[in-house]
Structure formats: structure tokens, C-alpha cells
Amino acid sequence: MSDTRDTRDARDTRDARDIREDRGSRDDHRSRDPRDPRDDRAVIVVGSGPTGLLLAGDLAAAGVPVTVVEKRPHGISNLSRAFVLHARTLEQFDVRGLADELEAVGRPLDRLRLFGRLTLDLGTLPSRFGHLLVVPQYEVEKVLLRRAREAGAGFRYETEVTALGQDADGVTVDVTGPGGERGRLRAAYVVGADGMRSAVRTAVGLPFPGRPVIRSVVLADVRLAEQPETLLTVNAVGDAFAFLAPFGDGYHRVVGWHRGRNVPDDAPLGLDEIREITRLALGRDFGMHDARWMSRFHSDERQVPAYRVGRVFLAGDAAHVHTPAGGQGMNTGLQDASNLSWKLAQVLGGHAPGSLLDTYQAERHPVGRAVLRSSGGIVRLAMARRPWTLALRAVLTTVLDRVGPVRRRAVGQITGVGVRYPAPFGAHRMTGARVPDVALAGGRRLHQALRGGRFVLITPGPYDGGGARGERLAVERWATDRRTSVLVRPDGYVAWASDSAGPAGIEAALAAHVG
């Protein structure tokens, strides 16, 4: 619905109006000696989009030396690709103390319209954030960039990865800097968060199977003479689809598609074509004028078969891309980063075995596959025109309107609050589940206790055995009379739970999971 991808060609880059960072940026283009002993704990993150920035900030905050390599020039483009933060992502930002700042610049929407009369009510979500937040991607990047820099992450802009090799001890990355100079970086692990055309994915030889789903989607940032009645405006009529979302600076992003106009991405594009598609889909063009940017792109459905190859990981669009329906793209990448960052920190800190990193593939690959299916299904049903697909859409709309469990599952899938990770055989029923922002004794909330990348042990009674783990563990008590002991991972999912464990059982769980 609201998560689109620009073509990133030279024309678009020239037209972009960058929002520059302040002068305190760390932009060090020098390469460390590959034998530097610090490299055995370092991580290189390739790509400074939301996924890479969240990951880099988490690692730096955990004391892991991290360098972000970005081929783009220094600065953040205001030509935003994504516009929506869903509830689960807002919860992750709340854990990092950033949600309130984003809520202040975004606009909440408590209903998500998908197609026709199908609208999902988000106000009933089991979350502090019973809404989606309409906020341009560049605002998200600004917040995450500041956090990463303040935590100590280093940045190398205008630096492109040209080759990559790994051995039993680490990864060596060949790069080309802004002046064409060549360098070499060394780290324990590398994370490719460098988008659909990932250089890291190419360097490790992974395929990116899939296919284009929608061709010749048009994009424009325009001013409107008439303001839409709703915050997000979306509809599909016949062969046309259009979507409008505000930037908050007087401009709107318009996304449109017409089934009969299947032209190459580099075909000329004028505002008249965008107006016509918008009128067909929405009934009027809202007097759009003064386009500051226009482009075409095509939307693919692709997923890499493996999110990990040795010491190299993929996250975000480097691992999976899909249609913009449901606004799940940026959100899924941010959840990838949240899942991977604490695991890397645990392993590099010597608190967990390297096998913990295998769970990244086991947990996140199925989620990426589910997002491909749900977003693709939304698009296909929105653009249905054959009798059997129209009938299917009508049935689905009726079911979602009338059957509560089905509706809740759909809302949980799109917003991320319904994601649950696999648990070992015989584990407690809560293991792998997301923990809401529950109330704790003393007026605290779980999200506050999780800050700093901690595990949180919630017990029904006092437990004084967690002190040896220092800042990596917070011990809290329920605000209610609940009797279950729960160990919550830094990403907010249950690592272990028991209805009857005593001190010895709790200590065994802490040793196994916290280290």
C-alpha cells in the first residue's frame, strides 16, 4: 500500500534535495590494518537505510565496533520510499526510546484500507500502538542515524563494496572510496543491508529468485490544490490503481499504476499521465501540480534462499523484496535488524555460542516468505478483474468483516504483532511469542526495562541471582499476581518460561540464554 521503491538512477539522484546531517558526522575513509586485533569483534554493515542504521545503532550501543559502508553520498534524500510504521515496529522503537519522537512527527491512522470496502481496524491491537504511523522514511532514517552516531558507529560514505572473502576467523571486504581509491576492511561479520541490488549478496554468490509482479508503476511528489478527505487515500478501479500519502511538508507522494501501460522504467513520464491514472482510480486528481520528482519502477517478489552464508548475513531488501501492498517492506527489514543485532552482540561478547546466529535464518526467513505471500495477495485481489478473483475478493472481505479470529490474524500478520518464532520441542507454550508492553512492579513497563539491549527476567517473586550478568540482564516482577517466570529476549520475544521454576531452574535458564 505505502512502501515503494524508487529506481535510484542518476536522474533521480540529481533531482533529490538532500537533508544534510550536522557537522559532527564521522566519515572516516581510511582502512584499518587487516591485522588489527579489534577486528575479531567488529561488524561491517553495508547499507545505511533504516535496516542498516537500526542494526548499526544496536551493535554500537552494545559495545561492538561497527562500521557502516554506504555507496551513496553523505546525506539523507527526502525522496522517501516508505511511509508507514506498523505497531510491532513502533514497539521496537519504543524499546530504544525513539517511538515518542517519531510519533511527534508522524500522523496516526487507526484503520488500514486495503481494497474496495475492506478496512482493518487497528484500534483493537494488543499493543500500546493501536494504529499505524504515517511518517516518511527519511524521518525514520534521521532518528536512527543520530542514534547510531551517538552510540559510536563509524560511517564511510561514497564507498562501494567490490569484493568479499571470508575465512574461519573473519571477513575481508574490498572497497572503492569516493576518489576511486581502493581499500580493504576486516571484520568478524558482515551484514548486507544494501537493498535489492545488494553487492554483498552478489559477492557471496546467492541467487535472488522471483519475478516482477507489477510493471511501470509511476511515482511523483506533488502539491495538491485540494486536500484528500483521508490521511491515506488508496483505491483500485478497473485497470487503474492509485495511492496518496502526505510528506508533511506540503507535498504528497502519489503512486499509480495502469494495467494497459506496460512500458520500460526509463520511458518518459509526465504529470499528465499521473493525473490521468489518479482520476481513473480515485475519481479526481486533487489538482496536483508542481511535481518536484517523478519516476517509474517495477515491483518484484523475490527472496534469497539463505539469510546467512558463513560470516555474512543479509537483511531487509537485500534478503527479500515484495509489492508495496500493506506497507510491510521497511517494517520487515527493521524487524530483521532487531532479530539479528542482539544475537551478534551476544556471540561477539562471548556470552553465547556461534550457533545462536543460525536462528536468524530459522526465525526470519519464514517471516519474509509470509510477507511476500500477504503483500502479493493484497495486490492481486485489489487489481482483480476476472469473475473468479472478484468472487474470491468478495468472500474474503465478508469473512474478514464477520469472523473475528480471521480478522485478528490478518491484522497481526500485516502489523507484525502476530509474528511468533518456532520453539524447541517440549518448551513452554509462551516460548517464541511476542511479549506486549506489560506492566511491571514499581510502575515500570517492559519496553523500558528492555532498553540498553537487555534480557529481562520477569518473576512472581524476588530473585537476586541476576547480578553477575550486569547490564545484560534486568530482573523485574509482575505488577499483577501472575505466577509464571518469563525470560524476555532483547527483541521482545520469550526465550524461556516456566510456571513452577525455582531459583535453580531460573539460573539454568539464564546460563543457557544470557550466558
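One side chain, Glu507 or Tyr463, offers a donor N or O that lies under 3.5 Å from an acceptor on the other. Counted by atom type alone, His447 and Asp94 present one or more donor-acceptor pairs between their side chains at under 3.5 Å. In this structure, a donor-acceptor pair under 3.5 Å is present between the side chains of Thr172 and Arg186. In the model, Ser338 has no side-chain atom that pairs as donor or acceptor with a side-chain atom of Asp491 under 3.5 Å. For the 3.5 Å distance criterion, the side chains of Tyr421 and Arg364 qualify, holding a donor opposite an acceptor. One side chain, Asp336 or His320, offers a donor N or O that lies under 3.5 Å from an acceptor on the other.
Residues Leu133 and Glu103 share a closest heavy-atom pair of CD1-OE2, 3.4 Å. Shortest non-hydrogen contact noted between Leu53 and Glu141 is CD1-O, 3.7 Å. Residues Trp342 and Arg489 come closest through the heavy atom pair CZ2-NE, 3.4 Å. When every heavy atom of Ala87 is checked against every heavy atom of Leu125, the shortest pair comes out as CB-CD1, 3.8 Å. Heavy-atom minimum distance, Tyr157 versus Ser48: CE2-OG, 4.4 Å.
The aromatic rings of Tyr360 and Phe313 lie perpendicular to each other, with more than 60° between the two planes, well past the 30° mark.
No donor-acceptor pair under 3.5 Å is formed between the side chain of Trp496 and the backbone N or O of Leu510. Between the Arg420 side chain and the Gly432 main chain, no donor and acceptor come within less than 3.5 Å of each other. In terms of modelled atom types and a separation under 3.5 Å, the side chain of Gln166 and the main chain of Val309 share a donor-acceptor contact. Within the 3.5 Å criterion, the main-chain N or O of Met430 finds a donor-acceptor partner in the side chain of His428.
Val486 places none of its side-chain heavy atoms less than 4.5 Å from the side chain of Leu457. Contact annotation: the side chain of Val191 never approaches that of Val46 to less than 4.5 Å [non-hydrogen atoms, C-beta and beyond].
Relative to the six-membered ring of Tyr189, Arg311 meets both conditions, a distance below 6.0 Å and an angle of at most 45° to the axis.
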Quick one: do Arg147 and Phe93 satisfy side-chain contact (heavy atoms from CB on, under 4.5 Å)? Show the steps, please.
CA-CA 11 Å; Arg147 173 178 178 259; Phe93 279 111; over 6 Å; no
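Partner of Glu101 under the salt bridge (charged side-chain N to carboxylate O under 4.0 Å, His left out) criterion, out of Arg96, Arg146, Lys142: Arg146 alone. Each of Thr89, Leu122, Leu90, Thr415 was compared with Leu132 under the side chain to side chain contact (heavy atoms under 4.5 Å, CB included) criterion, and only Leu122 meets it.
For Arg445, the CZ atom is densely surrounded, since the number of other residues' heavy atoms within 6.0 Å is greater than 12.
We find that Glu70 and Arg156 are not joined by a salt bridge, their nearest charged nitrogen and carboxylate oxygen being 4.0 Å or further apart.
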